[in-house]
Amino acid sequence: MDPRRRIFVPTHFPMKAALATAYGGLNVIRIAEVPTPSPKKNEVLIRIHASSVNAADWRLRRADPWFVRLVFGPFKPRRPILGVVFAGEVVETGAAVTKFKKGDRLFGWTSIMGLGGHAEYIALSGNGAFAPMPSDMSYTDAAAVPFGFGTARHFLSKAKVSKGQRVLIYGASGAVGSAAVQLARSICAEVTGVSSSRNVDLVRSLGATEVLDYTKDNILSHRDRFDVVFETVGKLPFKTSLALVKPNGVIIVGSEMPSQTLARSFTGKGGKQVTVIGGTAGESAADMQFLADLWQRKEIRPVIDSTYPLERIAEAHARAESWRKVGSVVVTM
Ligand SMILES: NC(=O)c1ccc[n+]([C@@H]2O[C@H](COP(=O)([O-])OP(=O)(O)OC[C@H]3O[C@@H](n4cnc5c(N)ncnc54)[C@H](OP(=O)(O)O)[C@@H]3O)[C@@H](O)[C@H]2O)c1
């Protein structure tokens with residue numbers, strides 16, 4: 001290997017990582033030393049500075065919903081290092097990598113099928129779903145962008161949200177919701193956010209022109225009003241989304257569980273013409289570049305709920321699965 005392509009990384013030395021070697025509660029998480037990966041010729045070795053604990057991590061750890069086991073291993077997770085996002089610095093490049101060089105600061109997805117973000121180092125394909133960080137972006141901010149904004153961007157693009165449309169974001173203070181409010185506003189959509197009382201001011205500060213408080217307001221008084229209803233937390237009954245959306249509008253079920261999909265298939269759409277968008281959000285390098293550009297133009301800012309060092313990652317998981325977090329829970333290495 002060309003010595004200019006690498007800086008000293010002791011790959012024969014262990015690195016620290018958070019492991020979940022079984023499915024279960026917080027007690028299955030432990031910090032351990034594992035071998036530092038060596039990059040293959042098409043890979044970059046990244047020193048991770050920050051990651052975040054997201055719904056993907058705690059759902060995978062808990063095998064919730066059950067079909068997680070079909071994909072990630074029937075009895076225990078095949079990939080014990082969780083962490084679907086990262087922000088870090090390239091420390092070594094494989095011989096075939098031309099896109100990145102050592103010292104590049106990158107952020108994005110590790111990939112749901114590979115995971116590995118809750119560790120000090122990761123080797124990723126040079127063609128992975130990540131992009132260079134803006135020079136003045138902190139690693140903490142960068143780790144809080146991919147999950148919420150990447151997911152929100154995926155669904156808003158699929159729904160073809162455009163200028164002037166009325167968009168309702170349900171769960172507007174979560175990682176996906178707080179990102180969706182900002183992205184919809186950046187398209188000049190007219191955003192109505194829905195949250196509990198304590199998050200109303202925050203959601204308004206993110207760019208919502210109107211915020212409904214689901215603990216006080218009668219949401220059903222807004223029937224047939226929205227071009228797009230984006231349900232980000234899986235808490236609003238589908239029939240309520242159906243009542244809120246205009247005829248020929250779009251409902252995004254961003255967090256639908258299999259039982260909800262099944263129930264919806266029986267109840268149908270009550271004769272109303274609407275498009276329903278669901279499924280899994282994609283991981284895209286182009287989206288990360290798009291988000292980096294928006295961040296640079298100050299059109300988006302991730303909301304950070306809390307930050308924990310890797311050693312306290314179990315606390316980060318507890319916060320992430322509480323359904324009370326506001327934006328993202330970041331983990332620093
Ligand atoms: N389809 C996909 O590919 C995909 C991708 C990413 C995420 N997801 C799913 O999307 C969901 C949301 O993820 P997230 O990380 O954004 O969640 P999150 O950050 O954990 O959501 C927390 C927020 O949910 C709000 N909330 C809790 N109960 C609520 C209720 N009954 N009504 C309205 N809001 C409520 C809370 O606000 P208040 O305290 O104000 O209520 C809190 O701020 C997860 O289930 C995740 O699995 C799916």
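Both ligands and their constituent atoms are indexed starting at 1 by order of listing. The figures that follow rest on heavy atoms only: side chains count, while hydrogens, waters and symmetry mates do not.
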Query raised in the report: With a 6.0 Å cut-off on ring centres, are Phe100 and Phe130 close enough?
Result: yes
Query raised in the report: Quick one: ring-ring contact (aromatic ring centres under 6.0 Å, His included) partners of Tyr139, sequence neighbours excluded?
Result: His49
**Report entry** Salt-bridge present (Arg153, Asp287; N to O < 4.0 Å)
**Finding:** yes
Query raised in the report: With a 4.0 Å cut-off, would you call Arg185 and Glu299 a salt bridge?
Result: no
**Report entry** Derivation of the salt bridge (charged side-chain N to carboxylate O under 4.0 Å, His left out) call for Arg59 and Asp64
**Finding:** CA-CA 5 Å; Arg59 286 194 180 284; Asp64 169 18; 3.3 Å; yes
**Report entry** Close-range residues for ligand 1, whose non-hydrogen atoms fall below the 4.0 Å threshold
**Finding:** Ala55, Arg59, Phe147, Thr151, Phe155, Tyr170, Gly171, Ser173, Gly174, Ala175, Val176, Ser195, Ser196, Arg198, Asn199, Tyr214, Thr232, Val233, Lys235, Gly254, Ser255, Gly279, Thr280, Ala281, Ala320, Trp323, Arg324, Lys325, Gly327
Query raised in the report: Is a side-chain donor or acceptor of Glu190 paired with a backbone partner of Thr209 at a separation under 3.5 angstrom?
Result: no
